[in-house]
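Just so we're clear, the structure is a prediction, and the values are computed from it rather than from any experiment.
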Amino acid sequence: MEFVRLLLVFLHLLGMGVLVGTFLVQLKSAEVSKGWLHGAGLQLVTGLALMSLAPLTDAEYNHVKLGIKLMVLVVIGGLAVGFTAKRTNPKWLTPTLGGLVVLNVGLAVFWT
Ligand code: HEM
């Protein structure tokens, strides 16, 4: 089971990489990138899988922290879906999405 947890952490970190990469691509692109949705989707699936498998992997997580990370991710996803549908990309969107990603990395690392 430890291997499954490590595999999910591996994919979770790659998902973070997708979001950071998307931020960099977005700086040069006028349209809202699909990368936000791909990265956020991967974080959602792997994060929830890590959380729900905790009894089997003997992991102990801070559920308040995970709940806040989930809310931040919902905001990222909501903004990405909303502005993709509207076909507009206001100036504040890219720094806001990037800032929310960094916020979740900070919560993951500094809040034990
Ligand atoms: C933008 C979204 C997210 C980012 C950037 C992110 C980032 C990270 C990072 C960097 C770690 C590694 C921390 C460390 O090992 O010290 C981590 C761990 C973790 N994240 Fe996330 N996360 C996100 C969303 C979520 C969500 C929505 C959930 C679940 C509700 C979640 C659940 C977890 C869990 C359970 C771990 C611990 C894995 C382990 O070490 O066993 N994450 N996250």
Side-chain angles (χ1 to χ4, degrees):
M1 242 9 225
E2 179 61 2
F3 176 73
V4 175
R5 188 185 72 82
L6 291 175
L7 186 64
L8 288 169
V9 173
F10 172 76
L11 293 172
H12 200 64
L13 293 178
L14 287 181
M16 175 183 67
V18 170
L19 290 168
V20 173
T22 300
F23 171 76
L24 296 174
V25 168
Q26 192 66 84
L27 293 173
K28 297 267 173 198
S29 153
E31 279 184 25
V32 180
S33 169
K34 295 253 187 312
W36 294 114
L37 290 177
H38 296 147
L42 188 54
Q43 291 310 79
L44 183 68
V45 170
T46 54
L48 289 178
L50 279 164
M51 203 174 83
S52 29
L53 288 179
L56 301 176
T57 58
D58 287 333
E60 279 183 24
Y61 299 126
N62 177 338
H63 287 97
V64 178
K65 170 174 98 169
L66 294 186
I68 294 175
K69 281 179 73 181
L70 184 58
M71 284 195 291
V72 172
L73 189 68
V74 167
V75 174
I76 293 173
L79 288 172
V81 170
F83 283 98
T84 303
K86 270 191 178 176
R87 291 173 183 272
T88 52
N89 183 6
K91 268 198 166 160
W92 56 264
L93 187 61
T94 302
T96 302
L97 290 171
L100 290 171
V101 172
V102 171
L103 173 64
N104 257 3
V105 177
L107 289 173
V109 173
F110 292 111
W111 189 357
T112 49

If only atom types and distance count, is the side chain of Ser29 paired as donor or acceptor with the main-chain N or O of Val25 below 3.5 Å?
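No.
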By side chain to side chain contact (heavy atoms under 4.5 Å, CB included), which residues pair with Val74, not counting sequence neighbours?
none
Side chain to side chain contact (heavy atoms under 4.5 Å, CB included) against Thr94, all qualifying residues, sequence neighbours excluded:
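Thr94 satisfies side chain to side chain contact (heavy atoms under 4.5 Å, CB included) with Phe23, Gln26, Leu27, Asn89 only.
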So if you build clusters from Ile, Leu, Val, Met, Phe, Trp, Tyr with side-chain heavy-atom gaps below 4.5 Å, do [X] and [Y] land together?
| X | Y | result |
| --- | --- | --- |
| Leu44 | Leu7 | no |
| Leu42 | Leu73 | no |
| Val109 | Leu50 | yes |
| Trp92 | Val72 | yes |
| Leu24 | Val101 | yes |

Can you sort out the partners of Glu2 under salt bridge (charged side-chain N to carboxylate O under 4.0 Å, His left out), two or more places apart, ordered by chain and number?
Arg5
Could you list the cluster mates of Leu6? Members are the ILVMFWY residues connected by side-chain heavy atoms closer than 4.5 Å, either directly or through other members.
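Direct or chained contacts put Leu6 with none.
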Shortest non-hydrogen pair, Trp36 vs Gly98, comes out as CH2-N, 4.0 Å
Please list every donor-acceptor pair under 3.5 Å in which a side-chain atom of residues 62-71 meets a protein atom from a residue at least two apart or in another chain.
from: Asn62; atom 1: OD1; to: Val64; atom 2: N; distance (Å): 3.1
from: Asn62; atom 1: OD1; to: Lys65; atom 2: N; distance (Å): 3.1
from: Asn62; atom 1: ND2; to: Thr112; atom 2: O; distance (Å): 3.4
from: His63; atom 1: ND1; to: Tyr61; atom 2: O; distance (Å): 3.4
from: Lys65; atom 1: NZ; to: Ala108; atom 2: O; distance (Å): 3.2
from: Lys65; atom 1: NZ; to: Trp111; atom 2: O; distance (Å): 2.7

Nearest-0.5 Å distance that lies between atom CG in Leu48 and atom NE2 in His12:
9.5 Å
Separation of Gln43 CD from Leu11 CG (nearest 0.5 Å):
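Answer for the CG-CD pair, Leu11 versus Gln43, is 9.5 Å.
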Tabulate below the donor-acceptor pairs under 3.5 Å that side-chain atoms of residues 13-20 make, not counting sequence neighbours, or state none.
none

Positive for side-chain contact (heavy atoms from CB on, under 4.5 Å) with Ile76, one of Leu100, Leu37, Leu103:
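Going through Leu100, Leu37, Leu103 one by one, the side-chain contact (heavy atoms from CB on, under 4.5 Å) with Ile76 is satisfied by Leu100 alone.
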